[in-house]
Amino acid sequence: MTAQYQVQDSVAIISLDNPPVNALSHSTRVGIADGMVRALDDAGVRAIVLTGTGNAFSGGGDIPEFGTPKALQEPNLQTIIDTIEASPKPVVAAVHSVAMGGGLELALGCHYRVTVKGTRVALPEVNLGLLPGAGGTQRLPRVVGLETAVNMIVSGKTMMSEELAGTKLFDCFAMDELLWKALKFARDAAAAGAPHPCVRDLNVHHENAEAYLGFVRNTVAASARGYPAPVKCVDAIAASLKPFDQGIKEERDAFLYLLTSPESRALRHAFLAERAASKIADVPVDTLTRNIAKVAVIGAGTMGGGISMSFLNAGIPVTMLEMKADALERRVAAIRRHYENTSKKGKLTQEDIEARIGMLTTTLSYDDIKNADLAIEAAFEDMSVKQAVFRQLDKVMKPGAILASNTSTLDVNKIAEFTTRPKDVVGMHFFSPANVMKLLEVVRGEETAKDVLATVMRLAKKIGKVAVVSGVCDGFIGNRMIEQYSRQAGFLLDEGALPEQVDRAIEKFGFAMGPFRMIDMAGNDISREIRKRRAVEQPAFTYSKTADLLCETGRFGQKVGAGWYDYREDDRRAYPSQQVNDMIIRHTEDLGLTRRKISDEEIVERLVYALVNEGALIVEEGIASKASDIDLVYLSGYGFPRWRGGPMQYADEVGLYNVAQAIRRYAKGYQGKAWQVAPLLQQLVDAGTRFND
Ligand code: T1G
């Protein structure tokens, strides 16, 4: 059992003891239930205090346990809360650090709650495609009011305990010595005698609940984009206006429905994938990491600026090095402008801006960065430039400094060879805009030292990035897969689709942006360079010629006002282009093909399965260590819908047999040689297992 029991001066103390966050796994629930039985049976016990050991009261239901029989096995949380509420002896929750999900629901089931400032409270189940399933939607409105409860439950956001001081959520705030205060509170409550207050006996008051909830429901439904949990949250909260026993039943039914939904499986997978990514199989979790107190960024371009802001935002000083003074001035001005624009939105104070800018220094001399703990090269994407920069870094940087390249495609092993310290060389591939995009591909060279990897993974978390380790190959994980995705998008144009149909279909599937709008933003000239390089390195790697025809007319994308779409002054919207569509239709004729009607379903299959199949090759080659890392790359860097869990999770949900069959079907079609079922995919089909087992 993972709960401790002790009696101190006639008060039973039940302490959840399930590190790291006292998740309410079955064994923890058994521990609590047994503690309650012992306390209620012991005539010497007059009151009960419930608390958590370590750094949490409780982080809620055990997420890895969901989807297994144990999740609902008695004693479930509802049963435990019913026992607590029915106790003739007062039960006081001593709430500290973190009380989330079922953890907060457990506290709400107690007669009294004592806490301290700085306790993080939330009912974040919606982020997992669930809703609070142990009374949270019924009890929270009864203590914080309907509107605050709606806000917390539908957004899943975390509040600090002191923000809720004016509500009935907490009976008192201890300055410190929380347990001592809770024990005293419990003894006083016992002295005052039963009955002790139950949240369930309170009522929800709102001057116009029906109208308010109707408005909220419509608003939430409009923005929920495909997954059911947010609206179900509103419906369950609405039931808190009914008699408690009816409301709690409606909540339970909705919770059980969501628990088995593919969206919740996907969101729980995403939560665990994020935490699994930081664990590298051959790098022990207790690997000593290097201290990164000062960072140097080489290159004052867009990426250099975004990377610098990522560190400045985390309070880490940066020295930015460039060849030309005016480039430095321009970049510093752009950074200041960015911060000022952010402060106009009320997200930054003027002193925040000064503090961040104050941590940025610039230089034209390598000598000024020699004491940095990490140097990140963000110079032009050309191997001769990398060679020059890394030779310089090798010359000046202090021993033990980490030398990183932000390269998006070049070979990190070759870059490491430009130095005498290849163990200190690693790739840190940020995504543009680097101060906004969460994804960071950490590219592990053959020589990269384990403590360098461990240091960069820890640093990534500190600067708010989602870091995924990639091996060295062309395009690493994300860009290598997007190549196949873009190829299929082009082939679909040859066969009968138009850019707006392809984009609309995949955006309906849930992608933030379709391939053609995305390329228009990134620049069609950029993708042309990649195709040119590929044509030399891999001649068998064919593409639709439409993208080159587009470039021949100078339609490089949004930046020139024309790409796959037409753009208008001061209007970021993409307008279908008759000129481009005519070009596409003419091209099909030139190919001797007859255009055919293509379904949205085929569009989605060909784009997504292209990602899945390439992802399988990437896992098989060991470029990515696990399929969930592939999912994380696409969820945090490419706008894949989070409630579908990423390409590999989606393939698991569709069924790998069906994915392989579809690929075989497309292999018989136009440009079919682009489709070869990846061996790993076939192996899993044959074994009847899944990518994310
Ligand atoms: N279950 C299992 N493991 C959990 C967990 C959980 N609820 N929360 C965290 N962990 C693990 C996590 O996987 C990682 O493991 C370690 O703890 C540190 O996490 C009935 C059904 C609590 C704010 O959604 O928001 O209750 O990597 O890196 O930054 O209504 O974790 O060390 O192996 O995030 O300090 C609702 C989710 C569940 C809270 C701590 N609860 N957790 O943040 O550490 S559903 C949640 C968090 C529920 C009831 C329903 C955060 C945190 P490892 P971490 P952190």
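Counting convention: from 1, in listed order, for ligands and their atoms alike.
Each of the atoms 30 (O) of ligand 1 lies under 4.0 Å from some heavy atom of Pro132. Close approach of ligand 1 to Pro64 is summarised as follows: ligand atoms under 4.0 Å from at least one heavy atom of the residue are 2 (C). Ligand 1 places these atoms under 4.0 Å from at least one heavy atom of Ala23: 1 (N), 2 (C). Atoms of ligand 1 found under 4.0 Å from any heavy atom of Gly101 (numbered from 1 in listed order, with element): 26 (O), 36 (C). Within the listing of ligand 1, atoms 26 (O) sit less than 4.0 angstrom from a heavy atom of Gly60. Atoms of ligand 1 found under 4.0 Å from any heavy atom of Val21, numbered from 1 in the order shown, are 4 (C), 5 (C), 8 (N), 9 (C), 10 (N), 17 (O).
For Gly133, a nitrogen or oxygen atom sits less than 3.5 Å from a nitrogen or oxygen atom of ligand 1, counting backbone and side chain alike. The distance criterion of under 3.5 Å between nitrogen or oxygen atoms is met by Ile63 with respect to ligand 1. The distance criterion of under 3.5 Å between nitrogen or oxygen atoms is not met by Pro124 with respect to ligand 1. Residue contacts with ligand 1: Arg120 is placed with no nitrogen or oxygen under 3.5 Å of a nitrogen or oxygen of the ligand (distance criterion only). When only interatomic distances are considered, the shortest N/O to N/O separation between Gly59 and ligand 1 falls below 3.5 Å. Residue contacts with ligand 1: Lys461 is placed with a nitrogen or oxygen under 3.5 Å of a nitrogen or oxygen of the ligand (distance criterion only).
Between atom 48 (C) of ligand 1 and the options Ala71, Gly61, Ala56, Pro20, the minimum heavy-atom separation is to Gly61. Across the listed options Phe271, Phe66, Phe255, Phe271 owns the non-hydrogen atom lying nearest to atom 42 (N) of ligand 1. Comparing Arg268, Arg275, Glu274 against atom 14 (C) of ligand 1, the shortest heavy-atom distance belongs to Arg275.
The protein non-hydrogen atom at the shortest distance from atom 25 (O) of ligand 1 is Met100 SD, 3.9 Å. Atom 53 (P) of ligand 1 has its closest protein heavy atom at Lys279 NZ, 3.6 Å.
When ring centroids are compared, Tyr634 and Phe511 stay outside the 6.0 Å threshold. Taking the centre of each ring, Phe431 and Tyr638 come in below the 6.0 Å mark. Taking the six-membered ring where the residue is Trp, the centroids of His269 and Phe271 are separated by 6.0 Å or more.
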Just do the side-chain contact (heavy atoms from CB on, under 4.5 Å) check on Thr137 and Glu250 with the steps written out, would you? CA-CA 10 Å; Thr137 64; Glu250 290 187 26; over 6 Å; no

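Distances shorter than 4.0 angstrom do not occur between any heavy atom of Gly136 and any atom of ligand 1. Not close to ligand 1: Glu65, with no non-hydrogen atom less than 4.0 angstrom away.
A salt bridge does not link Lys249 to Asp245: none of the charged nitrogens lies less than 4.0 Å from a carboxylate oxygen. A salt bridge is absent between Arg139 and Glu105; no separation between the charged side-chain nitrogens and carboxylate oxygens falls under 4.0 Å. Ion pairing between Lys626 and Asp631 fails under the 4.0 Å rule for side-chain N and carboxylate O. A salt bridge does not link Lys232 to Asp235: none of the charged nitrogens lies less than 4.0 Å from a carboxylate oxygen. Using a cutoff of 4.0 Å between basic side-chain nitrogens and carboxylate oxygens, Asp201 and Arg142 are not scored as salt-bridged.
Distances from atom 30 (O) of ligand 1 to the protein include at least one heavy-atom value under 4.0 Å.
Side-chain atoms of Arg29 come within 3.5 Å of backbone N or O of Leu24 as a donor-acceptor pair. The backbone N or O of Phe215 lies less than 3.5 Å from a partner atom in the side chain of Thr219, making a donor-acceptor pair. Judged by distance alone, with hydrogens and angles left aside, the side-chain atoms of Glu441 form no donor-acceptor pair with the main-chain N or O of Val469 at under 3.5 Å.
Checked by atom type, the side-chain pair Ser264/Ser261 shows no donor-acceptor distance below 3.5 Å.
Using a 4.0 Å cut-off between heavy atoms, Leu128 contacts ligand 1 through its side chain alone, with no backbone atom that close.
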